Colleague: 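One structure, as structure tokens, below. Some questions next.
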Protein chains: 2
Amino acid sequence: MRFYSWNVNGFRSVLKKGFMDWLEEADPDVLSLQEIRCEWEEVDLSIRHQLESAYDICWFPATSKKGYAGSATLSKKDLGFSHAKGLGIEGCDAEGRMIVSRKDGLAFIAGYFPNASQGLVRLPFKRQFARDLAGIVARHHAAGDLVILTGDMNVAPEEIDLARPKDNTKNPGFTPEEREDFKLYLGAGLADVLRERNPDVPGLYTWWTARGGARERNVGWRIDLFLASRPLLDRVRDARIHAEVLGSDHCPISLELA
Amino acid sequence: MRFYSWNVNGFRSVLKKGFMDWLEEADPDVLSLQEIRCEWEEVDLSIRHQLESAYDICWFPATSKKGYAGSATLSKKDLGFSHAKGLGIEGCDAEGRMIVSRKDGLAFIAGYFPNASQGLVRLPFKRQFARDLAGIVARHHAAGDLVILTGDMNVAPEEIDLARPKDNTKNPGFTPEEREDFKLYLGAGLADVLRERNPDVPGLYTWWTARGGARERNVGWRIDLFLASRPLLDRVRDARIHAEVLGSDHCPISLELA
DNA sequence: CGTGATAAG
DNA sequence: CTTAACACG
């Protein structure tokens, strides 16, 4: 089973840049999209029909602000995943951030984690989100579920996860607070799959600022991640960053489980 | 002497679409631009230098709202026109609408006449502008000046001046009030030069809505005009609409005087 | 620097 | 439909 996550920075934008070709090629079983930035009805009808023919689609745009944030999870129709919008976290759910998809004993929790924003004005919001989410993961584990947590987490966990760690300790995505909160997910029993398998490999990034050729020079950040319940690690066949896939300031990431 | 007027719908936009090539080809002696929608300092430095080497430039952006309206008048350096920003009309001058350029006994009054706007919300403002401007023209005549009044007047004077007169009698640009006010300019001693020379020619338009191929089908309006003091009519060598010139939703118009 | 909403035309 | 400002990332 192949899971993908991609912050598309506007679904309608990425559609113009070959998303459907990418989808056919990648052929994910389960796909989380972040920053869809539109309603389902704003997507071209023919595209909607194509997607609906192959996937169960949970489209979860923000209700708080038009064209802002939002996420979606698509799963192959034959798999029979159930999808639930939101985490019951105030504010977060109005921004269409997280979707919980379930099948058998697996909870696939995916979406668009808050950005701390310029001046770290949303750091308190983001910290509360992290505490709430870690609690939810812990409860799934207590209930005997296995968990995959993925999406644009808007935090680079360690210095190795961004090209310029020293320059960014006060910037959104690499503050001590955000890194500390990231550890709450690990404390709830999850592992950072890609980093577990590539402990010392630098230059593994999933996001590059659009300003000034950062992507060409691979001056980036690894902020899109797959975390998985530790018992799942034995079933990991592949965990990958698809940096060659263009169309957004983020690239897709994937996880293949046996 | 060749006068031109063009509503460029964003000077920076039209620069990307060959404005400088057009300028070299048309080679106006005096040029009024409307809807420049930027400060002079926002124009590429090399363009500014090219223009400044050939023209005396009066750049008159709106101060009331960034990126809105504004006009400019350029005159060949050797001609020695003087340029004055504004008409002393409250509101109008803050929007960078009108420039008065003088040489000998000629007053070239040019710019961006108000749009009555959706719901005709600015019709009162536009009517006051017309009364004030007609008074200014009359005073120039009383002082013995000849006047050229030009620009985007945002009114089609007669039914022949737009493709769909019946559909537009309640729309901005063709209300009875705006057409009545247009006659104030004629009453002040000006003549509509192109229409005087082509009394019954339909299809002479200077603006086409960007919506749905109107320009290709010539479903347009003649709202950019040269009006001239009647004694100037004998000196008119040419009056023309340059509908083939692209780059804006308006096309340039010209007047050549002996 | 790019996406999308918005105001204005 | 297009321009430009703006918010957000």
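Hydrogens, waters and symmetry mates play no part in the numbers below; they use all other heavy atoms, side chains included. Per chain, numbering begins at 1; letters A, B, ... match sequence-line order. On a predicted model such as this, the values are computed, not experimentally measured, just so you know.
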Colleague: Starting at atom CG of Asp249(A), determine the distance to atom P of dG4(C), rounded to an integer number of angstrom.
Modeller: 12 Å
Colleague: With sugar-phosphate meaning primed atoms plus P, OP1 and OP2, does Glu35(A) contact a base, only sugar-phosphate, or nothing at under 4.0 Å between heavy atoms?
Modeller: sugar-phosphate
Colleague: Think Lys66(A) has a side-chain N or O under 4.0 angstrom from the OP1 or OP2 of dC8(D)?
Modeller: no
Colleague: What's the CG-P distance between Asn9(B) and dT3(D), to the nearest Å?
Modeller: 7 Å
Colleague: Any base atoms under 4.0 Å from Ser117(B), or only sugar-phosphate, or nothing? Heavy atoms, all strands.
Modeller: sugar-phosphate
Colleague: Answer yes or no: does atom CD of Glu52(A) have more than 12 heavy-atom neighbours from other residues, nucleotides or ligands under 6.0 Å?
Modeller: yes
Colleague: Do the side-chain N or O atoms of Ser13(B) get closer than 4.0 angstrom to the phosphate oxygens (OP1, OP2) of dT3(D)?
Modeller: yes
Colleague: To the side chain of Arg97(A), which of dT3(C), dG9(D), dC1(D) is closest?
Modeller: dG9(D)
Colleague: According to the salt bridge (charged side-chain N to carboxylate O under 4.0 Å, His left out) rule, which pairs have a member within residues 111-122 of chain A, sequence neighbours left out?
Modeller: Glu95(A)-Arg122(A)
Colleague: It should be established whether Lys65(B) places a side-chain nitrogen or oxygen under 4.0 Å from OP1 or OP2 of nucleotide dC6(D).
Modeller: no
Colleague: In whole angstrom, give the distance that lies between atom CG of Asn171(B) and atom P of dG9(C).
Modeller: 14 Å
Colleague: From dG2(C), dT2(D), dG9(C), pick the nucleotide closest to the side chain of Arg37(A)?
Modeller: dG2(C)
Colleague: Looking at dA4(D), dC1(C), dG4(C), which one has an atom nearest to any side-chain atom of Lys16(B)?
Modeller: dA4(D)
Colleague: Round to a whole Å and report the spacing from CH2 of Trp207(B) to C1' of dG9(C).
Modeller: 8 Å
Colleague: Roughly how far, to the nearest 0.5 Å, is the CG atom of Asp132(A) from the CE atom of Met98(A)?
Modeller: 11.5 Å
Colleague: On the ring face of Tyr205(A), is Arg222(A) found with NZ or CZ under 6.0 Å from the centre and within 45° of the axis?
Modeller: no
Colleague: Figure out the CZ/C1' separation between Arg215(A) and dG2(C), and round it to whole Å.
Modeller: 13 Å
Colleague: CD1 of Ile36(B) versus P of dT2(D): gap in Å, rounded?
Modeller: 22 Å
Colleague: Please figure out whether Ala210(A) or Asn7(B) has its closest DNA chain C nucleotide nearer the 5' end.
Modeller: Ala210(A)
Colleague: In whole angstroms, how far is the P atom of dT3(D) from the CZ atom of Arg211(B)?
Modeller: 13 Å
Colleague: Is Tyr68(A) close enough to dG9(D) that one of its side-chain N or O atoms is under 4.0 Å from OP1 or OP2 there?
Modeller: yes
Colleague: Just how far, in rounded Å, is P of dC8(D) from CZ of Phe125(A)?
Modeller: 13 Å
Colleague: If you take all heavy atoms of Asn154(A) and Glu178(A), which pair is closest and at what distance?
Modeller: O-OE2, 3.5 Å
